[in-house]
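All chains are named by letter (A, B, ...) in the order of the sequence lines, taking the proteins before the strands, and each is independently numbered beginning at 1.
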Amino acid sequence: MKLGLDFYQRNGVSVACDLLGKLLVREIDGQQIIAKIVETEAYIGPEDKGCHAYQNKRTKRTEVMFGRAGCAYVYLIYGIHNCLNIVTASEGKPEAVLIRAVEPIDGLDIVREYREIKSRKIEDLTNGPGKLCQALDIDRRLNGYDLVDGDKLYILDSDERVEVVKGKRINIDYAEEYKDKLWRFYIKGNSFVSR
DNA sequence: TTCGAGATACACT
DNA sequence: GTGTATCTCGAAA
């Protein structure tokens with residue numbers, strides 16, 4: 001079952017936690033890539049200094065976060081890499097969940113077409129935000145894409161029970177007191193979780 | 001195996 | 001012009 005709008009219309013921390021173990025589906029030319037979400041981070045604007053929409057900063061880039069829950073917020077970082085986020089909470093509240101890592105379940109052949117890497121380890125395909133976007137052919141064309149109604153990119157519910165670990169977020173040293181918030185979630189013992 | 005630098009383009013000041 | 005929610009590679013051990 002596809003996750004509905006009500007799943008996303010909650011506070012970002014809860015959504016980030018509940019997304020673990022769910023299945024991210026990407027459809028390209030009729031072919032499906034299925035990947036299990038194993039690591040997420042919550043970004044809660046306007047209070048979170050690590051969030052782009054800190055203090056309700058509304059710009060062309062952060063505009064999507066102010067919109068409806070369940071949309072994708074895709075954003076280019078370091079000029080090279082894309083990051084996939086899911087907008088949460090209600091309209092006007094800039095909250096989002098960053099998908100940091102996934103575990104490929106199906107469609108590995110397609111993934112390899114998009115990611116030509118020397119490493120043969122499957123872990124290297126998707127164990128980071130930039131990598132998983134490349135693996136699933138996600139870029140800014142999908143910014144604002146509706147995961148609730150869309151069929152190219154959506155998230156399936158899963159019955160799988162997962163053991164969730166909370167931790168500090170990564171690479172946001174500038175966020176000061178908020179960098180120590182335990183807003184990073186990952187599945188315990190999963191080898192696709194980044195370090 | 002781990003470490004450190006460089007790449008890159010977009011949004012924002 | 002500046003800074004960035006990262007990745008990859010080569011070098012050393």
Check: Base, sugar-phosphate alone, or nothing: which one does A/R184 contact when heavy atoms must sit under 4.0 Å apart?
Finding: nothing
Notebook entry, point to check: C/dT4 P sits how many Å from A/K57 NZ, rounded?
Noted result: 11 Å
Notebook entry, point to check: CG of A/L125 versus P of C/dC7: gap in Å, rounded?
Noted result: 13 Å
Next item on the list: Take the protein atom CD of A/E176 and the nucleotide atom P of C/dA5, then report the distance between them rounded to whole Å.
Entry: 14 Å
Notebook entry, point to check: salt bridge (Lys or Arg N to Asp or Glu O under 4.0 Å) with A/E39: which of A/R184, A/K166, A/K188?
Noted result: A/R184
Item checked: 5' precedence on DNA chain C between A/I170 and A/E116 (nearest-nucleotide basis) -> A/I170
Item checked: Flag side-chain contact, heavy atom, 4.5 Å: A/Y75 against A/H52 -> yes
Margin query: Can you confirm whether A/K93 is buried at NZ, in the sense that more than 12 heavy atoms of other residues, nucleotides or ligands lie under 6.0 Å from that atom?
Written below: no
Next item on the list: Please check the phosphate of C/dT6 (OP1 and OP2 only) for any side-chain N or O of A/N171 closer than 4.0 Å.
Entry: yes
Check: Do A/N56 and A/P94 come close enough that some side-chain heavy atom pair is under 4.5 Å?
Finding: yes
Check: In whole angstroms, how far is the P atom of B/dA11 from the CE atom of A/M65?
Finding: 14 Å
Checklist line | Distance, rounded to the nearest Å, where A/R115 contributes CZ and C/dC7 contributes P | finding: 8 Å
Next item on the list: Mind calculating the distance between CG (A/D124) and P (C/dC9) to the nearest angstrom?
Entry: 10 Å
Show each protein N/O and nucleotides 2-9 of chain B N/O combination with a separation under 3.5 Å, one pair to a line.
{"from": "B/dT8", "atom 1": "O2", "to": "A/Y78", "atom 2": "O", "distance (Å)": "2.5"}
{"from": "B/dA9", "atom 1": "O4'", "to": "A/G79", "atom 2": "O", "distance (Å)": "3.1"}
{"from": "B/dA9", "atom 1": "N3", "to": "A/G79", "atom 2": "N", "distance (Å)": "3.4"}

Notebook entry, point to check: Cation-pi between A/R169 and A/Y178: NZ/CZ under 6.0 Å from ring centre and within 45° of the ring axis?
Noted result: no
Next item on the list: Indicate, with a heavy-atom threshold strictly under 4.0 Å, whether A/G130 touches base, sugar-phosphate, or nothing.
Entry: sugar-phosphate
Item checked: Residue A/R61, side-chain atoms from C-beta onward, closest of C/dT8, B/dA11, C/dA5 -> B/dA11
Notebook entry, point to check: Once you round it to whole Å, what is the distance between P of C/dT8 and NZ of A/K118?
Noted result: 11 Å
Checklist line | Distance, rounded to the nearest Å, where A/Y54 contributes OH and C/dG3 contributes C1' | finding: 17 Å
Next item on the list: Go ahead and name the base partner of B/dG4; Watson-Crick or wobble counts if both distances stay under 3.5 Å, otherwise write none.
Entry: C/dC9
Notebook entry, point to check: Counting only heavy atoms not in A/E116, do more than 12 fall under 6.0 Å of its CD?
Noted result: no
Check: Only one of A/E103, A/E163, A/E123 clears side chain to side chain donor-acceptor pair (under 3.5 Å) with A/N190; which?
Finding: A/E103
